[in-house]
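Numbered from 1 within each chain, the chains take letters A, B, ... in sequence-line order.
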Amino acid sequence: MAERYNHQAIEKEAHEKWAELNLYETNLADEAKEPYYLLVEFPYPSGDLHIGHWYAFAVTDIYARLLRMQGKNVLFPIGFDAFGLPAENAAIKHGVNPKDWTYANIERMKGQLASMGPSFDWNKMVVACDPEYYQWTQWLFTKLFEHHLAEHRLAAVKWCPKDQTVLANEQIIDGKCERCGTEVEEKRLTQWFLKITDYAERLLAGLDTLPWREEIKDAQRAWIGKSEGAHLSFAIAGRDEKIKVFTTRPDTIFGVTYVVLAPEHPLLRQGYAGQTLLDSISNQNDVEEYIAATAKKTERERSENKEKTGVRLEGVMAINPATKEEVPVFIADYVLASYGTGAVMAVPAHDERDFEFATRHNLPIKTVIEPLFIKSSGDDAVRADKPMVERETISALVRDPKTNTYLTLRWKKAAWTTFVTGGVEEGQTPEEAARAEILQETGYQHVRLIREFGMVHSKFFHIPKDQNRFGHFHNFFFELEDDAQSSVTVEELAKHEVVWMTAQEARSALTGESFVQLLDETIGEHPYTGSGILVNSGEFSGRESEVSKSDFVTFVGGEKATNYRLRDWLVSRQRYWGCPIPIVYDPEGAPHVVPAEHLPWLLPTDVDFTPTGEAPLASSKELKERVTRIFGEGWTPEYDTLDTFVDSSWYFLRYLDAKNAHKFSDPALMKKWLPVDRYSGGSEHTTMHVLYARFFTKALYDLALVPVDEPFGERFNRGLIMGPDGAKMSKSKGNVVNPDEFVAKYGADAVRIYLAFIGPYNEPGNYPWSLEGVAAMRKFLDRVVRLADKIGESSDLSEKLAQALARTSAKLVEDGERFKFNTSVAALMMLVNEFEATETFPQSAFRELVIMLAPFAPHLAEHLWERQGGEGSVHTQALPNASLAESVVREIMVQVNGKRRGSLTLAADVSEEDAVIAARALPTVATALTGAEPTRIIYVPGKVLNLVI
RNA sequence: GCCGAGGUGGUGAAAUUGGUAGACACUCGACACUUAAAAUGUCGUGAGCUCUAAUAGGCUCGUGCGGGUUCGAUUCCCGCCCUCGGCACCA
């Protein structure tokens with residue numbers, strides 16, 4: 001049997017045949033067929049094709065082939081993201097030339113990729129390190145420069161001491177270099193930036209128009225990090241300068257008790273009447289010391305130690321623009337120079353970080369917002385049809401110091417757990433009311449008041465009273481002095497029972513945020529950071545905070561402002577193996593672009609790769625001579641190269657016109673083929689690469705160079721193939737799966753089908769590689785091969801098999817749209833099961849099966865197609881007709897009271913009456929009815945008949 | 001902490017708008033073929049109970065937990081728990 005499916009011979013023959021027929025060259029100008037651009041992130045040529053590459057390309061190839069069988073003109077290109085550090089590291093380590101290393105790897109990977117049997121159009125291959133490619137990366141950079149979207153400026157940059165290069169924010173993971181894990185340092189260098197922040201708003205707005213999964217959009221939204229607020233100014237007493245802060249909470253301005261500057265804040269060194277701010281303070285040494293210590297710290301150290309350190313600027317006072325009160329000024333490293341204005345107004349009563357800082361430095365905490373909670377869901381949500389009754393009430397938290405537990409009441413008429421609560425009666429102080437309620441509801445006689453908290457307001461539906469309540473709670477914290485307890489009335493006992501709980505138990509049991517808030521404040525962990533009712537806020541007191549924000553801004557003469565967490569994209573790299581930045585400097589040091597006629601601006605070859613901290617290109621004599629020759633004496637080259645993310649931000653444009661020597665891409669082809677219909681990639685690229693590519697596209701759209709302003713229609717993040725043990729593959733764990741091994745043993749087609757079958761491709765799950773699973777796919781293919789024995793010369797196609805063929809064809813189309821191939825493979829298996837259950841069938845039926853198998857197992861299908869006398873290639877065939885007449889009979893479920901009691905096979909258009917008669921004839925149904933007449937009948941034709949008694 | 005996705009048999013998973021939960025496979029078990037093994041084939045495989053000589057069959061429970069809506073809920077609503085992913089001193 002085994003020799004009947006010799007996968008190695010079959011694969012070789014198929015590859016030769018496809019090459020001969022030139023099967024996969026896409027004619028981009030074709031007007032007859034609908035274009036479909038299917039894109040996969042191009043790989044880095046590491047020289048080692050792993051199972052992840054297979055998952056990325058082989059499964060997507062299935063879709064490319066399916067689309068062609070549906071009559072689409074499919075562009076499914078491939079290329080290499082060939083600039084980057086590994087090549088250079090290999091150069092340093094093994095003394096090889098990065099270029100030779102890279103191109104040798106590309107050659108090797110082309111061969112490995114070909115073993116999948118992919119339908120790539122190799123003629124459109126793009127290699128990022130080819131001068132023919134990077135000349136256009138350079139050209140696009142010059143366009144961005146000319147339109148002020150590329151800027152040269154001094155910046156504090158993140159530096160990897162091991163790789164000797166600057167890193168983008170995105171390339172730092174937990175304060176460490178993404179590649180080598182080395183602690184990142186900070187340096188001040190003049191660097192090139194692309195002004196992606198100019199596009200922050202449009203990058204955000206564009207997301208609303210894209211049909212992507214929410215998780216992808218949300219990741220980008222979080223990355224862009226828009227926050228709306230205001231710029232407010234604090235005058236400095238006795239000086240002219242003002243401290244400008246950004247805040248999202250202008251409504252808390254009356255609660256500002258101090259102001260904090262980042263240690264790098266420029267104001268510190270600025271002069272006023274010949275004196276800098278630092279000159280005018282009395283504790284200069286302490287402050288200078290803190291600034292120096294901060295500068296030495298890496299970002300990681302700053303964020304790792306989340307303790308809120310800082311130093312007060314003695315002698316400097318800021319003036320709260322709302323209260324006109326003087327407040328102290330601090331420098332602290334929890335305020336970042338790079339966000340907002342580098343200064344914050346601190347409201348410890350209503351901000352987590354300010355609260356910590358204030359607690360640590362004994363600064364006043366001034367409450368200006370009392371929480372307001374409105375129940376909008378659950379049994380006790382405010383009900384529109386019930387009256388709202390306003391009440392002055394108390395809420396008393398009682399702690400038993402002996403057991404460190406809290407007194408709660410479990411209500412009997414409602415699913416509530418609360419603290420002691422009650423109304424404040426005429427002539428009673430709130431504290432008296434609280435004491436009275438404790439005695440009345442629980443019987444405890446001796447409690448000591450520890451603290452009274454600010455009020456909390458709450459709107460909810462009071463179930464036992466059947467009315468809405470707008471409660472204004474005075475909050476008290478008592479401690480139990482002793483266990484003395486008087487008896488509680490029967491009425492009170494009927495209302496609720498007393499339960500002592502730990503803080504943690506109470507937190508999960510309590511009804512409503514107001515009680516949890518009280519508990520949190522009591523334990524002293526959290527300030528209230530939500531919205532509510534304003535207090536201690538002058539004329540604003542009594543209003544709701546949320547709606548008053550803009551009035552506060554006007555009141556203190558500030559202005560609305562929006563901030564983004566997104567920073568400009570730092571693209572300078574002090575490395576060799578990258579695209580040279582096409583910039584030269586005139587004798588005065590001003591940057592100029594290298595004119596188009598000198599592009600590609602070639603990467604010099606006379607370069608010393610040894611890391612010195614200098615950019616390697618600085619060691620090139622040729623580059624310096626080139627600049628002098630072209631631009632004149634005194635002109636100097638730019639020595640940095642571009643971040644490789646620049647190369648990959650536009651490669652999908654080049655695929656359309658990979659060999660054009662005069663343009664980066666053809667406008668007519670871009671108009672026809674963009675945006676990319678479907679882009680498949682890894683979830684690790686959602687926030688960087690995809691965002692950068694969107695930015696590039698929008699910028700080029702604005703320069704009228706690209707016809708679309710969003711590059712990608714659909715975007716899917718594929719999952720990860722795990723080792724057979726379910727853990728992430730790694731050499732150290734020894735669970736790495738080598739695809740070549742499985743291809744040799746079971747054939748490329750078995751591996752392809754297995755990868756398609758392993759799990760849904762449209763979501764980024766983790767799928768463990770199963771050794772038995774691949775073997776099972778091979779068995780499946782063997783069964784298909786054996787089926788050919790059952791072809792009968794003059795057999796008729798059974799109705800059942802005809803329907804199965806049509807159903808499968810429809811299923812393939814449908815699953816393809818959803819990008820789910822696991823169920824497609826299941827459908828094919830069911831079809832094969834159907835074939836096996838059939839005594840004999842005509843060759844035409846088997847050929848239809850082979851056509852449907854072809855996208856998944858392209859080699860075997862081609863072989864079987866030929867053996868069954870198929871013309872040309874199976875891969876140019878159309879999918880079988882999917883719209884065969886539906887079966888006239890349907891199986892319908894019969895339920896009694898919603899429980900399944902049997903099923904019936906009936907004509908699809910059977911009347912309700914007839915269906916009921918048939919159903920009642922079923923013994924199980926008759927038993928379940930117990931002689932009763934159905935009072936209600938639910939009949940969904942073709943699906944369900946439910947008899948309700 | 002915040003945001004997002006998810007939780008279904010021993011395992012990967014399926015169920016398209018609320019309509020027979022577990023398709024399709026893997027694993028495991030039994031049997032057939034074989035001198036034997038491999039390969040292949042047949043049957044079984046959510047839990048529990050039950051009828052029967054044995055089959056066929058029947059009943060109850062079951063999609064993280066607790067409630068709700070509905071004739072009917074993996075699917076919708078409310079409240080929790082857990083896992084994974086992203087962000088994280090962003091004012």
Side-chain angles (χ1 to χ4, degrees), chain A residues 1-2 174 213-223 225-227 229 245-249 260 302-303 305-308 332-336 338-347 351-354 356-357 377-379 381 415 508-509 511 526 563-567 683-684 686-687 717 726 754 757-760 763-773 775-777 779-780 782-783 786 814-815 817-818 820 822-830 833 891-903 923-924 927 934-938 940 942-949:
Chain A
M1 275 300 185
D174 286 336
R213 288 174 70 103
E214 263 326 289
E215 60 198 281
I216 300 178
K217 293 198 207 180
D218 273 327
Q220 292 216 352
R221 286 189 190 111
W223 200 264
K226 180 179 183 173
S227 60
V245 301
F246 173 72
T247 180
T248 55
R249 294 298 301 270
V260 191
R302 277 172 77 164
S303 63
N305 174 16
K306 292 212 173 177
E307 279 179 35
K308 303 282 176 291
D333 66 3
Y334 80 90
V335 175
L336 307 175
S338 53
Y339 183 80
T341 63
V344 300
M345 59 178 229
V347 187
D351 181 276
E352 201 74 58
R353 295 148 307 177
D354 298 342
E356 275 178 55
F357 189 85
S377 65
D379 288 346
S508 53
T511 305
H526 303 285
N563 250 296
Y564 299 90
R565 194 168 54 205
L566 186 72
R567 312 290 155 87
S683 43
E684 71 273 21
T686 10
T687 39
N717 288 347
Y754 180 63
F757 189 60
I758 201 165
E763 44 184 275
N766 295 337
Y767 309 111
W769 179 268
S770 145
L771 306 155
E772 297 84 5
M777 297 305 125
K779 287 176 193 168
F780 166 68
D782 284 333
R783 281 163 57 204
R786 263 179 269 132
E814 196 180 283
D815 286 348
E817 274 160 25
R818 292 192 295 160
K820 274 192 80 178
N822 53 337
T823 46
S824 305
V825 175
L828 285 168
M829 288 172 169
M830 277 154 75
N833 290 345
E891 203 182 347
I892 71 166
M893 168 185 54
V894 182
Q895 295 178 333
V896 176
N897 283 342
K899 279 217 166 92
R900 187 192 165 215
R901 296 292 157 175
S903 63
T924 50
T927 312
T935 54
R936 196 176 153 192
I937 291 162
I938 289 113
V940 183
K943 278 187 178 166
V944 68
L945 174 68
N946 188 6
L947 307 175
V948 185
I949 49 173

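- OP1 or OP2 of A23(B) has not a single side-chain nitrogen or oxygen of Asn833(A) nearer than 4.0 Å.
- Stem regions for RNA chain B, each three or more consecutive Watson-Crick or G-U pairs with both distances under 3.5 Å and listed by first number, read B:1-7 with B:81-87, B:10-12 with B:24-26, B:28-32 with B:40-44, B:46-50 with B:57-61, B:64-68 with B:76-80.
- The side chain of Arg213(A) contributes no N or O atom lying less than 4.0 Å from OP1 or OP2 of G86(B).
- Residue contacts for Val245(A): at a heavy-atom cut-off of 4.0 Å it reaches no nucleic acid atom on any strand shown.
- Phosphate contact (OP1/OP2 of A14(B), side-chain N/O of Asn822(A), threshold under 4.0 Å): present.
- Of all nucleotides listed (A91(B), A23(B), G12(B)), G12(B) comes nearest to the side chain of Tyr767(A).
- Glu352(A) contributes no side-chain N or O that forms a donor-acceptor pair with the base of G1(B) under 3.5 Å.
- Considering only side-chain atoms of Arg901(A), the nucleotide from A25(B), C59(B), G19(B) that sits closest is C59(B).
- No engagement by Thr686(A) is indicated, since no non-hydrogen atom pair under 4.0 Å with the nucleic acid exists.
- For Glu772(A) against U27(B), no side-chain N or O and base N or O form a donor-acceptor pair under 3.5 Å.
- In the set A14(B), A91(B), G19(B), the nucleotide with an atom closest to the side chain of Met893(A) is G19(B).
- Checking A91(B), G19(B), C24(B) against the side-chain heavy atoms of Val940(A) singles out G19(B) as nearest.
- With distances taken from any side-chain atom of Arg900(A) to the nucleotides U20(B), A13(B), C26(B), the minimum falls on U20(B).
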